[in-house]
> 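Dumping the structure here so I can ask a few things about it.
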Amino acid sequence: MSSKFIGSVRLHAPYHPSIVIKLDKIEFKIDSSCGAKNENKVYLLTHFHFDHVRSCMAGGADFLSLSEDPIKIYAPNDDRKEYGETESVFEIHSKMINLHSKGRRKLVPIKENENIHFNGISITPISLKHTIPNFGYHIKNEETSIFVTGDWEGANSKNRERIISLNPRVLITECRYFFDEEIEVAEERMHAHVEDILELKEELQNTLIILTHISHRYRELDDIIKLTKDKELILAKNISFNNTGYRVRERFK
């Protein structure tokens, strides 16, 4: 394996949705904290469930920045109106995030398949079915591609077909459940089970598959770590990769 790594993935914790991808000196922070404005950081939000939104609301001191421009957080243009509200889901969260940060953060709406570009890297939102509208993000440059799923219904065949069609070098996917007796729960809650991931693995022979955002019910990780190792799936805190392999730089303790 070449010693030249072209990218890295850093996870906050096995249960947490926060993902940081470094590619071409740019950090893509997905469902992650955004406490600093930097031209080399790109912030993305997959969907408006609170465990994902609260991550991008962290870092409350960024309003002290002297920069006049707020931090941009790209997010699905979720136009649903719920619980008798007159404003859309996007508008409500936009106001909440703006208020919490004292104007230092701004939600920017994006639509499915609307490409955004940063220094030769393209980011494409891909809709994956979940209990609410969810965007996965396909991040590509000339050397490689990475797809981050957000939360998705693993049993949904259209979801799987979309992921397979992208054929990413690296797939970073939620994997909420792991044991046979949890398959029905995963389907009911529209989350991914490890069996769904293994079906993808059969089709994506050259893809590194990194698992994240597992259920909090697994307070002891020994069985999960053994299972993922046996199935050649990656569950670790910090991973570097190139186009032929990867290296785990830090494991979950």
> Any donor-acceptor pair under 3.5 Å linking the side chain of His193 with the backbone of Glu195?
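Pair found, side chain donor or acceptor close to backbone of Glu195.
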
> So among Thr149, Ile164, Leu128, which one has a side-chain contact (heavy atoms from CB on, under 4.5 Å) with Asn159?
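Checked Thr149, Ile164, Leu128 against Asn159; only one passes side-chain contact (heavy atoms from CB on, under 4.5 Å): Leu128.
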
> With a 4.5 Å limit on heavy-atom distance, are the side chains of Val89 and Asp79 in contact?
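When only atoms from C-beta onward are counted, Asp79 and Val89 do not touch, as no gap falls below 4.5 Å.
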
> Out of curiosity, Tyr137 OH to Leu44 CG, how far, rounded to the nearest 0.5 Å?
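CG of Leu44 is found 5.0 Å from OH of Tyr137.
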
> Let me check something: do Ile224 and Val185 share a hydrophobic cluster, defined by ILVMFWY side-chain heavy atoms less than 4.5 Å apart, either directly or through other members?
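Yes, because Ile224 and Val185 connect within a single hydrophobic cluster, where side-chain heavy atoms sit under 4.5 Å apart.
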
> Between His52 and Asp151, does any side-chain donor sit less than 3.5 Å from a side-chain acceptor?
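Checked: His52/Asp151 side chains pair up, N/O donor to acceptor below 3.5 Å.
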
> Calculate, to the nearest 0.5 Å, the distance between atoms CZ and OG1 belonging to Arg10 and Thr212 respectively.
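Nearest 0.5 Å value for the CZ-OG1 distance: 12.5 Å.
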
> Is there a donor-acceptor pair closer than 3.5 Å between any side-chain N or O of Lys95 and the backbone N or O of Leu99?
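Not a single qualifying donor-acceptor pair exists.
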
> The test is side chain to side chain donor-acceptor pair (under 3.5 Å); show your working for Glu174 and His191 and say whether it passes.
CA-CA 8 Å; Glu174 73 128 316; His191 279 291; 2.8 Å; yes

> Got Glu114 and Thr124 here, is their nearest side-chain heavy-atom distance under 4.5 Å?
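Contact flag for Glu114/Thr124 side chains = no.
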
> If you count the non-hydrogen atoms of other residues, nucleotides and ligands that lie under 6.0 Å from CD in Glu202, is the total more than 12?
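Incorrect, the count does not exceed 12.
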
> Given the rule that I, L, V, M, F, W and Y join up when any side-chain heavy atoms are under 4.5 Å apart, are Ile183 and Tyr218 in one cluster?
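Each belongs to a different hydrophobic cluster.
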
> Quick one: does any side-chain atom of Ser145 pair with a main-chain N or O of Arg169 as donor and acceptor, under 3.5 Å?
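It does hold such a pair.
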
> Going through the checks in order, is the side chain to side chain contact (heavy atoms under 4.5 Å, CB included) test met by Lys29 and Lys41?
CA-CA 7 Å; Lys29 306 192 75 174; Lys41 289 183 171 63; 4.2 Å; yes

> Give, for atom CG of Leu211 and atom NZ of Lys231, the distance between the pair rounded to the nearest 0.5 Å.
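Rounded to the nearest 0.5 Å, the CG-NZ separation comes to 12.5 Å.
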
> Check Pro14 against Leu221 and note the closest heavy-atom contact, atom names and distance.
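So the two residues come closest at CG-CD1, 3.8 Å.
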
> Please determine whether the number of non-hydrogen atoms from other residues, nucleotides or ligands lying under 6.0 Å from atom CD of Gln205 exceeds 12.
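Yes.
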
> Do Lys158 and Lys129 have side chains that approach each other closer than 4.5 Å (heavy atoms only, starting at C-beta)?
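No. Closest side-chain heavy atoms not under 4.5 Å.
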
> Report yes or no: does Glu91 contribute a side-chain atom to a donor-acceptor pair with the main-chain N or O of Ser88 at less than 3.5 Å?
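Pair found, side chain donor or acceptor close to backbone of Ser88.
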
> Should Thr173 and Ile210 count as side-chain neighbours, where that means a heavy-atom distance under 4.5 Å?
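No. Closest side-chain heavy atoms not under 4.5 Å.
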
> Would you compute the distance between atom CD1 of Ile71 and atom OG of Ser101 and round it to the nearest 0.5 angstrom?
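Rounded to the nearest 0.5 Å, the CD1-OG separation comes out at 7.5 Å.
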
> Would you say the side chains of Asn115 and Ser122 form a donor-acceptor pair under 3.5 Å?
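There is no such pair (donor and acceptor under 3.5 Å, judged by atom type) between the side chains of Asn115 and Ser122.
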
> How close do Gly245 and Leu208 get, heavy atom to heavy atom, and via which atoms?
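Shortest heavy-atom separation between Gly245 and Leu208 comes out as O-CD1, 3.9 Å.
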
> Determine whether Val9 and Ile172 satisfy the following criterion, side chain to side chain contact (heavy atoms under 4.5 Å, CB included), listing intermediate values before the conclusion.
CA-CA 9 Å; Val9 176; Ile172 307 170; 3.7 Å; yes

> For Val42 and Ile121, what are the C-alpha separation, side-chain angles and deciding distance, and is it a side chain to side chain contact (heavy atoms under 4.5 Å, CB included)?
CA-CA 11 Å; Val42 179; Ile121 301 175; over 6 Å; no

> Please test Arg189 against Tyr177 for side chain to side chain donor-acceptor pair (under 3.5 Å), starting from the C-alpha separation and ending with a verdict.
CA-CA 11 Å; Arg189 299 181 181 180; Tyr177 303 103; 3.2 Å; yes

> Can you tell me if Arg251 has over 12 outside heavy atoms packed within less than 6.0 Å of its CZ?
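Atom CZ in Arg251 is not crowded, with 12 or fewer foreign heavy atoms closer than 6.0 Å.
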
> Does some side-chain heavy atom of Ile110 sit less than 4.5 Å from a side-chain heavy atom of Phe135?
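Result yes, sub-4.5 Å side-chain heavy-atom pair found.
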
> To the nearest 0.5 Å, how far apart are CD1 in Ile139 and CD1 in Ile146?
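Here the rounded value is 5.5 Å.
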
> Does the side chain of Pro17 reach to within under 4.5 Å of the side chain of His12, using non-hydrogen atoms?
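Result no, sub-4.5 Å side-chain heavy-atom pair not found.
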
> Examine distances only and state if a side-chain atom of Arg162 and a backbone atom of Ile126 form a donor-acceptor pair shorter than 3.5 Å.
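Not a single qualifying donor-acceptor pair exists.
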
> Measure from the side-chain N and O atoms of Arg176 to the backbone N and O of Met190, and report whether any donor-acceptor pair falls under 3.5 Å.
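Answer holds: no.
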
> Using the rule given for ring-ring contact (aromatic ring centres under 6.0 Å, His included), can you reason through His16 versus His213, listing the C-alpha separation, both sets of side-chain angles and the distance that settles it, and then say yes or no?
CA-CA 5 Å; His16 201 283; His213 201 19; 7.9 Å; no

> Between His216 and Tyr15, is the ring centre distance below 6.0 Å?
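Under 6.0 Å, so yes.
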
> Any donor-acceptor pair under 3.5 Å linking the side chain of Glu199 with the backbone of Asp196?
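Not confirmed, Glu199 side chain does not pair with Asp196 backbone.
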
> Show, in sequence, the C-alpha distance, side-chain angles and deciding distance for Phe178 and Thr228, and conclude whether the side chain to side chain contact (heavy atoms under 4.5 Å, CB included) test is met.
CA-CA 9 Å; Phe178 287 85; Thr228 54; 4.0 Å; yes

> Is Val170 linked to Val20 within one hydrophobic cluster, defined over Ile, Leu, Val, Met, Phe, Trp and Tyr using a side-chain heavy-atom separation of less than 4.5 Å?
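No, Val170 does not connect to Val20 through the hydrophobic network.
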
> Is there a side-chain contact between His49 and Thr131 (heavy atoms, below 4.5 Å)?
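They are in contact (side-chain heavy atoms under 4.5 Å apart), so the answer is yes.
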
> Counting C-beta onward and ignoring hydrogens, is there a side-chain heavy-atom pair between Phe252 and Leu11 closer than 4.5 Å?
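A side-chain contact under 4.5 Å exists here.
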
> Any idea which heavy atoms bring Ala75 and Phe48 closest together, and the distance?
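Here Ala75 and Phe48 meet closest at CB-CZ, 3.9 Å.
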
> Report whether Ile92 and Ile73 are members of the same hydrophobic cluster (ILVMFWY, side-chain heavy atoms less than 4.5 Å apart, transitive linking).
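Ile92 and Ile73: separate clusters.
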
> Sub-3.5 Å donor-acceptor pair from the side chain of Arg160 to the main-chain atoms of Gly154, do we have one?
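Between the backbone of Gly154 and the side chain of Arg160 there is a qualifying donor-acceptor contact (under 3.5 Å).
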
> Side-chain donor-acceptor pair under 3.5 Å between Asp31 and Thr46, yes or no?
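Yes.
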
> Measure the CG-NE2 distance between Asn98 and His93 for me, rounded to the nearest 0.5 Å.
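So the CG of Asn98 and the NE2 of His93 are separated by 14.0 Å.
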
> Determine the minimum heavy-atom distance between Leu23 and Gly7, stating which atoms define it.
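Taking Leu23 first and Gly7 second, the nearest heavy atoms are CD1-CA, 4.2 Å.
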
> Under a 3.5 Å threshold, yes or no: a donor from one side chain and an acceptor from the other, between Arg249 and Ser240?
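Yes, a side-chain donor-acceptor pair sits under 3.5 Å.
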
> Which residues satisfy the side chain to side chain donor-acceptor pair (under 3.5 Å) test with Asp230, sequence neighbours excluded?
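Scan of Asp230 (side chain to side chain donor-acceptor pair (under 3.5 Å), adjacent residues dropped) gives Lys226.
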
> Give a yes or no answer on whether the side chain of Asn141 reaches the backbone of Glu143 with a donor-acceptor pair at less than 3.5 Å.
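Yes, Asn141 side chain to Glu143 backbone: donor-acceptor pair under 3.5 Å.
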
